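Structure first, commentary second.
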Amino acid sequence: MKRGLRISFGLILLLLFGAYAYFSITGGPTAASVPTTPDGGQQAPVAATAAPAPVVSDAAPIAAVETPEPTAEPTPDPNSPAGRAAALGLPTPPEIDVNSWEFTLVNGDHSIGEYAPEQLAYLDQTLTYTDVQTTPSDRIAVDARIADALVAFGLGCKDAGLPVYLSSGYRSYKDQQANFIRVCNNNGVSDGKDSNGHYITMPAGCSEHQLALCCDITDIYRPIKNAEIEKTETFQWLREHCAAFGFVVRFPSGKEDITNVMYEPFHFRYVGTEAANYMMQNDLVLEEFLALYGVE
């Protein structure tokens, strides 16, 4: 009897284990996992939809940036140097004292009368000797205030392997009178002008040589100076580097109707480095430059 019960109990366990194994292998739903309808029927299983993962950002929130209103550039006074330059499409000119000695304007319309410099300096014409003498000698004379700059200018050219000759510097009122008559006679004119109305020599009182702030510079001694000098290597170096020493080509080609003087590639005028750089970079002669400051 007991043996029969054990056999029966074993068979029941075996059936239960078989049923468990069957559902484990087939993955079939159990009664607990299948939802029912209100009338007891089974609903079709509904696929689960995963909730979207929240977006996490550790960046700080971007604040709205307000664009500032552009600040209008102030309009320069039309009667100021900057205003006159702007009207011509030129950059603002340097701040200078237009009444300073280096900006003295002398030409056919601006006479200096019988002016004479307070102090002259005397330089060796080939700069073989570079000392600056202040007592009269047979050397070339210039205003003492430009002597050091002129020596440095000439030596710069010599250091480049080119010959330099300081051809003509200061002429007194009396000397300029004699020079004017001589040149007029040699050219068959009486007013010092060529057929285009441009001065080939200036009347006494109207020459930069009397002002002594200039120097005619050539490569060698030349009894006659003309436009051919522009072909020399010496002139080409001087023109390219003159502003660095405070000099400008005073009577350049193409500006004759403004200066009223013929083209003189050999004539260099001292105006200081700041003004010289502005003038050379913007292709201005002294009359045009000073007009920016109201000088007529």
Side-chain angles (χ1 to χ4, degrees), residues 101-102 104 106 115-176 178-179 182-183 186 200-202 207-252 261-277 279-280 286:
W101 59 271
E102 64 266 48
T104 302
V106 54
Y115 167 86
E118 291 184 9
Q119 178 65 62
L120 292 172
Y122 300 85
L123 309 177
D124 179 60
Q125 287 185 277
T126 61
L127 293 178
T128 301
Y129 307 101
T130 59
D131 59 310
V132 177
Q133 297 182 1
T134 55
T135 56
S137 68
D138 58 355
R139 294 179 168 198
I140 187 175
V142 295
D143 189 301
R145 293 171 290 189
I146 75 167
D148 289 339
L150 182 56
V151 169
F153 186 25
L155 288 180
C157 190
K158 291 188 71 173
D159 288 344
L162 301 170
V164 168
Y165 188 80
L166 305 182
S167 175
S168 182
Y170 170 67
R171 298 188 200 122
S172 67
Y173 182 89
K174 184 178 179 180
D175 289 340
Q176 187 61 33
N179 184 75
R182 176 181 61 82
V183 175
N186 289 344
I200 57 177
T201 184
M202 303 300 295
S207 172
E208 287 199 334
H209 287 283
Q210 185 182 332
L211 190 62
L213 298 182
C214 69
C215 186
D216 291 348
I217 309 175
T218 55
D219 52 345
I220 57 175
Y221 168 72
R222 292 174 179 266
I224 298 176
K225 292 174 287 188
N226 54 35
E228 291 297 307
I229 290 173
E230 72 174 5
K231 298 177 182 179
T232 66
E233 290 184 84
T234 291
F235 166 71
Q236 292 165 14
W237 189 96
L238 294 173
R239 177 181 57 187
E240 182 178 352
H241 298 89
C242 61
F245 298 90
F247 291 86
V248 295
V249 179
R250 178 66 178 93
F251 304 115
V261 177
M262 71 174 191
Y263 172 38
E264 294 187 351
F266 44 83
H267 185 111
F268 290 87
R269 160 70 190 264
Y270 184 81
V271 293
T273 55
E274 196 171 21
N277 278 294
M279 290 171 63
M280 296 297 288
L286 188 57

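Here the structure is a predicted model, which means the values were calculated and not measured.
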Sequence-distant partners of Leu155, side-chain contact (heavy atoms from CB on, under 4.5 Å), two or more places apart: Leu127, Thr130, Val151, Lys158
Side chain to side chain donor-acceptor pair (under 3.5 Å) against Asp175, all qualifying residues, sequence neighbours excluded: Ser172
Partner residues of Lys225 under the salt bridge (charged side-chain N to carboxylate O under 4.0 Å, His left out) criterion, sequence neighbours left out: Asp216
Minimal non-hydrogen separation, Ile146 against Cys214, with atom names: CD1-N, 4.1 Å
Minimum-distance pair of heavy atoms, taken over all atoms of Tyr122 and Ser137: CB-OG, 3.6 Å
Qualifying residues under ring-ring contact (aromatic ring centres under 6.0 Å, His included), relative to His209, sequence neighbours excluded: His267
Any side-chain heavy-atom pair of Thr134 and Leu120 under 4.5 Å: no
Sequence-distant partners of Glu228, salt bridge (charged side-chain N to carboxylate O under 4.0 Å, His left out), two or more places apart: Lys231
Rounded distance [0.5 Å steps], CD1 in Ile140 versus OG in Ser168: 6.0 Å
Listed partners of Thr201 passing side chain to side chain donor-acceptor pair (under 3.5 Å), at least two apart: Asn179
By ring-ring contact (aromatic ring centres under 6.0 Å, His included) - contacts of Phe153 (at least two apart): Phe245, Phe247, Phe268
Any residue meeting side-chain contact (heavy atoms from CB on, under 4.5 Å) with Glu230, in chain and number order, not counting sequence neighbours: Phe235, Tyr263, Pro265
Exam field: side chain Gln125 to backbone Leu166, donor-acceptor pair closer than 3.5 Å: yes
Non-hydrogen atoms of Tyr170 and Ala116 that approach each other most closely: OH-CB, 4.0 Å
Distance, nearest 0.5 Å, that separates OG of Ser207 from OH of Tyr173: 12.0 Å
CG-CG distance between Leu162 and Leu238, expressed to the nearest 0.5 angstrom: 8.0 Å
Gap between atom OG1 of Thr273 and atom CD of Glu102 - 0.5 Å precision: 9.5 Å
Taking every non-hydrogen atom, the tightest pair across Glu264 and Ile200: OE2-O, 4.4 Å
Qualifying residues under salt bridge (charged side-chain N to carboxylate O under 4.0 Å, His left out), relative to Arg250, sequence neighbours excluded: Glu208, Glu287
Intermediate values then yes/no, side-chain contact (heavy atoms from CB on, under 4.5 Å), Trp101 and Leu213: CA-CA 9 Å; Trp101 59 271; Leu213 298 182; 3.6 Å; yes
Check against side-chain contact (heavy atoms from CB on, under 4.5 Å), Thr234 and Cys157: CA-CA 7 Å; Thr234 291; Cys157 190; 3.9 Å; yes
Any residue meeting side-chain contact (heavy atoms from CB on, under 4.5 Å) with Ala121, in chain and number order, not counting sequence neighbours: Val132, Ala144, Ala147
Partners meeting side chain to side chain donor-acceptor pair (under 3.5 Å) with Thr128 (sequence neighbours left out): Thr126
The single option from Asp219, Asn226, Thr218 passing side chain to side chain donor-acceptor pair (under 3.5 Å) against Arg222: Asp219
Closest approach of Val142 to Gly169 (non-hydrogen atoms, all atoms of both residues): CG1-CA, 4.4 Å
Which residues share a side-chain contact (heavy atoms from CB on, under 4.5 Å) with Tyr115, sequence neighbours left out: Ile112, Pro117, Asp143, Arg145, Gln210, Leu211
Met279 to Val271 - nearest heavy-atom pair and separation: SD-CG2, 4.2 Å
Spacing of CG belonging to Asp124 relative to CG belonging to Asp131, to within rounding of 0.5 Å: 8.0 Å
Over 12 non-hydrogen atoms of neighbours within 6.0 angstrom of CD in Glu233: no
